Amino acid sequence: MMARVKRSRLVPALALTAILALAGCSAVGSDTGVSVDGQSYSMDDLHQATTQLNEAFGPQAGGQQLGAQQVIASLALLPLLDQVFEGSPAVVSDTEVRSSLGENGVSDPGPATMDAERSRLYQTKLGDPATLQDPAMAEVLARAQSVTEEDLAAVDVEVNPRYGTWDVANGGLVPQVPAWIQSSDDS
């Protein structure tokens with residue numbers, strides 16, 4: 001005789017199985033906005049970082065607001081920037097990041113805000129004439145100049161499809177264009 005399974009238990013069990021199977025199809029979880037070398041930032045972290053950095057620093061060149069795409073790019077560069085500055089007198093500490101953000105009105109920065117700001121501070125130092133002329137920074141500048149596209153590609157970046165895909169060869173974050181929007185020339 002066949003065992004009776006209540007329908008009320010079967011439907012949720014099948015739904016749970018389907019959800020778990022579909023969740024396994026994506027390398028980045030539905031709540032994860034980006035993962036960089038194993039450090040995950042949620043969609044909320046990216047939204048908070050975008051909001052906090054826009055409040056702190058206002059519009060970018062050309063009047064554009066900072067978007068999640070720029071935050072993702074900054075986060076993706078951070079592992080390389082950390083390596084470039086490692087052991088130098090110009091390593092950016094959490095205290096320096098918090099101070100920079102605090103001076104610009106961000107009193108409680110989230111993790112993505114902290115890391116994106118650290119990346120921005122490193123990039124600013126690399127463009128600062130004082131850094132370029134400082135003999136103590138010669139090794140840092142040499143390491144920065146030796147970073148290759150292969151080094152960038154070696155950073156493990158997984159992006160939620162909502163934001164696009166990470167493709168160093170095509171400039172970093174490439175927005176996804178749904179098939180129904182693509183022109184016939186794109187096929």
Side-chain angles (χ1 to χ4, degrees), residues 25-29 31-50 52-54 56-57 60-62 64-101 109-177:
C25 296
S26 173
V28 175
D31 185 51
T32 302
V34 65
S35 176
V36 180
D37 278 353
Q39 173 66 47
S40 291
Y41 303 92
S42 70
M43 303 270 284
D44 287 342
D45 290 337
L46 291 177
H47 177 73
Q48 179 185 37
T50 302
Q52 289 180 329
L53 293 170
N54 277 315
F57 303 108
Q60 307 298 303
Q64 295 275 335
Q65 290 287 317
L66 180 75
Q69 293 79 7
Q70 290 88 2
V71 172
I72 291 169
S74 290
L75 295 171
L77 289 174
L78 185 58
L80 290 174
L81 291 167
D82 280 338
Q83 290 174 9
V84 164
F85 280 88
E86 185 177 0
S88 80
V91 169
V92 177
S93 67
D94 283 351
T95 302
E96 191 176 346
V97 173
R98 285 188 187 284
S99 175
S100 171
L101 291 167
T113 306
M114 288 285 293
D115 287 345
E117 175 61 1
R118 183 182 326 279
S119 180
R120 188 191 72 79
L121 289 171
Y122 278 139
Q123 292 174 57
T124 300
K125 287 181 181 199
L126 286 173
D128 181 11
T131 301
L132 299 173
Q133 296 171 0
D134 185 352
M137 296 300 293
E139 188 177 334
V140 168
L141 295 173
R143 284 190 292 229
Q145 291 171 346
S146 71
V147 172
T148 65
E149 188 174 306
E150 289 79 23
D151 295 328
L152 290 169
V155 177
D156 183 22
V157 179
E158 296 180 38
V159 180
N160 186 308
R162 172 183 179 176
Y163 299 112
T165 57
W166 186 253
D167 184 357
V168 173
N170 286 310
L173 190 62
V174 178
Q176 293 280 55
V177 179

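Along the sequence shown, residues carry numbers from 1. Given the structure is predicted, the values throughout are model-derived calculations rather than measurements. Below, all heavy atoms of this structure are taken into account, side chains as well, without hydrogens, waters or symmetry copies.
Counted by atom type alone, Glu117 and Ser100 present one or more donor-acceptor pairs between their side chains at under 3.5 Å. No hydrogens or angles considered: a donor-acceptor pair under 3.5 Å links the side chains of Asp151 and Thr148.
Note that CG of Asp156 is 6.0 Å distant from OG of Ser35, once rounded to the nearest 0.5 Å. Between Leu173 atom CG and Gln70 atom CD the span is 9.0 Å, to the nearest 0.5 Å. Here the OG1 atom belonging to Thr131 is positioned 5.5 Å from the CE atom belonging to Met137, to the nearest 0.5 angstrom. Atom CD of Gln52 sits about 12.0 Å away from atom CG of Leu66, to the nearest 0.5 Å.
Formation of a donor-acceptor pair under 3.5 Å by the Ser119 side chain with backbone atoms of Leu77 is not found in this model. Side-chain atoms of Tyr122 come within 3.5 Å of backbone N or O of Val92 as a donor-acceptor pair. In this structure a side-chain-to-backbone donor-acceptor pair under 3.5 Å is present from Asp45 to Ser42.
With Phe57 as the aromatic partner, Arg120 meets the cation-pi criteria of under 6.0 angstrom to the ring centre and within 45 degrees of the ring axis.
By the neighbour-count criterion of 12 heavy atoms within 6.0 Å, atom CD of Glu139 is sparsely surrounded, having that number or fewer from other residues, nucleotides or ligands.
Screening Val97, Leu81, Val91 for a side-chain contact (heavy atoms from CB on, under 4.5 Å) involving Arg118 leaves a single residue, Val97. Residue Tyr41 is tested with Leu75, Asn160, Thr32 for a side-chain contact (heavy atoms from CB on, under 4.5 Å); the sole match is Leu75.
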